[in-house]
Amino acid sequence: MATFSGADASDLRAILKSYYKDDVPALLGRESPLLQKMKTSYVEGKEVSYPAIYSAGGAVAADGTVAEALANEGNFKAQEWKVEPGQLFSVIKFDAKEVLASKTKKGAYMKLAGAKVYAQTVRFRKALASSLYSRGYGELAVLGDDYAFVASTPIDITVPSNVIQAVQVGSAIVVKTAVESATEQTVLKVTKMSASTKKLTVVPSTTYTSNVTDVICFKGAMDSAGNPMFPRGLAQWIPTIGARSGADWENDIAVPSNGINRSTYVEALAGSFVDGSAKTTILETIQELIMNLRNQGSKADMIVMNPIDRMKFEKEIDAANRIFTKADTKAARSVSTGLKDISVAFQTSFVDTIIDDPFLSEGLVYCLDSDYIEYWTMSNLDTPKNTGKDADAPDNLDDPMSYDSKGEDTDSSYKLLVDNYLSVVPGGLGQNGETTRVTLNLFGTIGCMNTAVNGAALLPGYDATKIVQCVK
């Protein structure tokens with residue numbers, strides 16, 4: 001900032017100090033607004049079990065003997081859900097030297113232990129946010145192109161916007177031929193990323209030539225037998241394989257899920273679905289989905305879509321409606337015409353209930369009843385997920401400085417569980433002294449108490465074969 005001239009200019013600058021700002025800004029992007037809005041329920045045991053009545057039977061007729069005959073058939077139908085939790089861990093280590101070198105502002109912008117715990121919490125929440133739309137395999141996207149991966153050689157790949165939001169520089173993702181495949185074709189280490197170009201620079205672990213139908217997933221989302229270990233999300237409860245048509249869909253829906261044979265009544269046991277790929281507008285697609293859900297008794301008060309799709313939807317509405325209330329104020333504009341039919345039919349406008357979640361794939365929209373969607377967990381989720389800010393705010397990450405004092409109390413006893421979510425245990429002797437390992441634990445999954453009142457739709461102009469929730 002200070003510039004000097006003359007023969008002694010460099011000597012004068014040597015006397016001056018650098019001025020250090022105290023704040024440490026967060027540059028890591030949004031987190032999931034859906035996760036913030038969902039209720040958390042704490043559970044125990046090996047699984048969560050509850051019944052689902054999907055048919056009241058046909059024992060009704062104007063002729064009493066016919067009604068009796070139908071009742072004798074015993075066609076009342078119910079099944080029992082058995083839902084096992086997934087799991088997710090985020091691990092850091094810090095050593096004695098790091099703690100001592102950053103004890104005060106004289107030595108560091110903030111305590112290194114606090115900085116690491118902050119980063120740990122952010123990456124945990126981002127992976128958890130992605131899991132809200134998964135089937136438990138850590139799936140992120142369809143690769144969508146043929147890449148000639150060469151071991152240890154950097155290569156750029158183009159990915160959807162939700163992947164940019166979910167991964168970090170340093171993340172490890174795997175390439176597989178199918179979401180449920182147990183074989184990892186190669187592991188990609190992310191070394192560079194760009195949100196504007198939607199590109200990741202990755203370094204493959206092995207040589208492999210991919211196919212356009214291959215998928216990328218978080219590494220470490222399955223066990224050695226290929227069973228899903230990641231927390232399962234809406235893609236498991238409301239399946240959209242093949243846009244619900246074709247052999248892949250028929251094979252998928254025939255397989256019991258969470259102890260339930262969903263094929264006996266798909267809309268009740270697997271939610272409603274609308275294939276809007278050939279429709280003209282997003283509005284038309286969402287209208288049909290909401291109509292179907294309302295017929296099932298849903299209040300459909302949460303509509304979740306990717307921000308890119310929400311922007312398209314807003315442009316769609318704006319093109320047909322030029323009259324807005326509060327147009328001359330700083331308040332948010334609201335549509336006063338155009339959605340009148342929906343307002344009359346449903347007594348509410350769904351435009352105000354849209355949640356734009358950047359962790360959801362582009363092309364899909366979920367319509368949910370908030371009374372029946374919650375997060376079931378055995379561990380404390382409220383503390384690690386709480387940003388203390390509005391869930392819809394673009395800058396809803398924690399302030400890193402709020403973590404400044406965390407992790408420095410080295411006199412505390414080591415514990416397997418602190419506040420039911422954090423494990424603090426010895427990490428072993430390292431080059432810089434003894435280390436501490438801190439693990440953030442989650443054992444949980446999205447819970448859907450009533451699949452009949454929740455649903456999904458494929459939006460106009462999208463190809464289901466390129467959306468990870470729609471492929472095997």
The reported gap from CG in Leu132 to CG in Leu35 (rounded to nearest 0.5 angstrom) is 5.5 Å
Residue pairs passing the side-chain hydrogen bond (donor to acceptor under 3.5 Å, both in side chains) test with at least one member in residues 214-228, sequence neighbours excluded, are Glu184-Lys219, Tyr208-Asp214, Asp223-Asn227
Does the side chain of Val159 reach to within under 4.5 Å of the side chain of Ile164, using non-hydrogen atoms? yes
**Item:** Contact check, side chains of Ser370 and Lys37, non-hydrogen atoms, under 4.5 Å
**Value:** no
All heavy atoms of Leu269 vs all of Ala52, minimum pair found to be CD2-CB, 4.3 Å
Checking Glu362 side chain against Pro160 main chain: does a donor-acceptor pair fall under 3.5 Å? no
* Is there a donor-acceptor pair closer than 3.5 Å between any side-chain N or O of Ser90 and the backbone N or O of Gln120? -> yes
Other residues, nucleotides and ligands only: do more than 12 of their heavy atoms fall within 6.0 Å of CD1 on Ile53? no
Heavy atoms of Lys126 and Phe359 approach each other most closely as O-CE2, 3.6 Å
_Determine whether a donor-acceptor pair (N or O, by modelled atom type, separation under 3.5 Å) exists between the side chain of Thr186 and the backbone of Thr206._
yes
To the nearest 0.5 Å, atom OH of Tyr375 lies from atom CG of Leu442 at 5.0 Å
d(Cys367 SG, Met305 CE) to nearest 0.5 Å is 7.5 Å
Does the pair Thr40 and Thr377 meet the rule for a side chain to side chain contact (heavy atoms under 4.5 Å, CB included), with working shown? CA-CA 7 Å; Thr40 301; Thr377 177; 3.6 Å; yes
Q) Between Asp463 and Thr465, does any side-chain donor sit less than 3.5 Å from a side-chain acceptor? A) yes
### Query
Has Lys199 got more than 12 heavy atoms of other residues, nucleotides or ligands less than 6.0 Å from its NZ?
yes
Ion pair Glu316/Lys312, N-O distance below 4.0 Å: no
TODO: Please test Leu128 against Leu381 for side chain to side chain contact (heavy atoms under 4.5 Å, CB included), starting from the C-alpha separation and ending with a verdict.
DONE: CA-CA 10 Å; Leu128 179 58; Leu381 181 60; 3.5 Å; yes
*Please work out whether the ring planes of Phe230 and Phe218 are parallel, tilted or perpendicular, with thresholds of 30° and 60°.*
parallel
Open item on the list: Using the rule given for side chain to side chain contact (heavy atoms under 4.5 Å, CB included), can you reason through Thr183 versus Thr177, listing the C-alpha separation, both sets of side-chain angles and the distance that settles it, and then say yes or no?
Closed with: CA-CA 8 Å; Thr183 303; Thr177 56; over 6 Å; no
Quiz item: Any sub-3.5 Å donor-acceptor pair from Ser32's side-chain atoms to Asp357's backbone N or O?
Solution: no
Heavy atoms of Leu458 and Ala243 approach each other most closely as CD2-CB, 4.2 Å
Kindly indicate whether the side chain of Phe313, heavy atoms from C-beta on, has any atom under 4.5 Å from the side chain of Val365. no
Residue set satisfying side chain to side chain contact (heavy atoms under 4.5 Å, CB included) with Tyr372, at least two apart, ordered chain then number -> Asp369, Met449, Asn450, Val453, Asn454
query: Just by distance, with hydrogens left out, do Tyr462 and Asp309 show a side-chain donor and acceptor under 3.5 Å apart?
result: yes
**OP:** Apply side chain to side chain donor-acceptor pair (under 3.5 Å) to Thr439 and Asn441, showing your working.
**Re:** CA-CA 6 Å; Thr439 303; Asn441 308 276; 5.4 Å; no
Scanning both residues in full, the closest heavy-atom pair of Ile253 with Ala270 reads CD1-CB, 4.2 Å
CH2 of Trp249 to NZ of Lys472, rounded to nearest 0.5 Å, is 10.5 Å
Check whether any side-chain heavy atom of Phe149 lies under 4.5 Å from a side-chain heavy atom of Ser210, and answer yes or no.
yes
Rounded to the nearest 0.5 Å, the CD1 atom of Ile238 sits from the CG atom of Leu368 at a distance of 5.5 Å
Any Leu140 side-chain heavy atom under 4.5 Å of Val167 side chain = yes
Query raised in the report: Ile173 and Leu200: side chain to side chain contact (heavy atoms under 4.5 Å, CB included), yes or no, with the steps?
Result: CA-CA 11 Å; Ile173 55 180; Leu200 300 178; 4.3 Å; yes
(Q) Can a donor-acceptor pair be found, under 3.5 Å and without considering hydrogens, that links the side chain of Asn306 to the backbone of Leu360? (A) yes
Self-check item: Heavy-atom check, side chain of Asn162 versus side chain of Tyr133, under 4.5 Å
Solution: no
Problem - Asp252 bridged to Arg262 by N-O distance under 4.0 Å - result: yes
Residue pairs passing the side-chain hydrogen bond (donor to acceptor under 3.5 Å, both in side chains) test with at least one member in residues 230-240, sequence neighbours excluded, are Arg232-Asn258, Gln236-Ser257
Q. Any side-chain heavy atom of Leu440 within less than 4.5 Å of one from Thr121?
A. yes
Practice task
Could you walk me through whether Ser277 and Asp275 pass the side chain to side chain donor-acceptor pair (under 3.5 Å) test, one step at a time?
Solution key: CA-CA 6 Å; Ser277 58; Asp275 182 357; 2.7 Å; yes
Check your understanding: Ser134 side chain to Glu139 main-chain N or O, any donor-acceptor pair under 3.5 Å?
Key -> no
For Ala268 and Gln296 the tightest heavy-atom approach is CA-NE2, 4.4 Å
Interatomic distance, CZ@Arg125 vs CG@Leu88, rounded to 0.5 Å, equals 12.5 Å
Nearest heavy-atom contact between Ile286 and Ile303 is CG2-CD1, 4.2 Å
Side chain proximity check, Lys176 to Met222, heavy atoms < 4.5 angstrom
yes
Arg310 (side chain) donor-acceptor with Ile354 (main chain) under 3.5 angstrom = yes
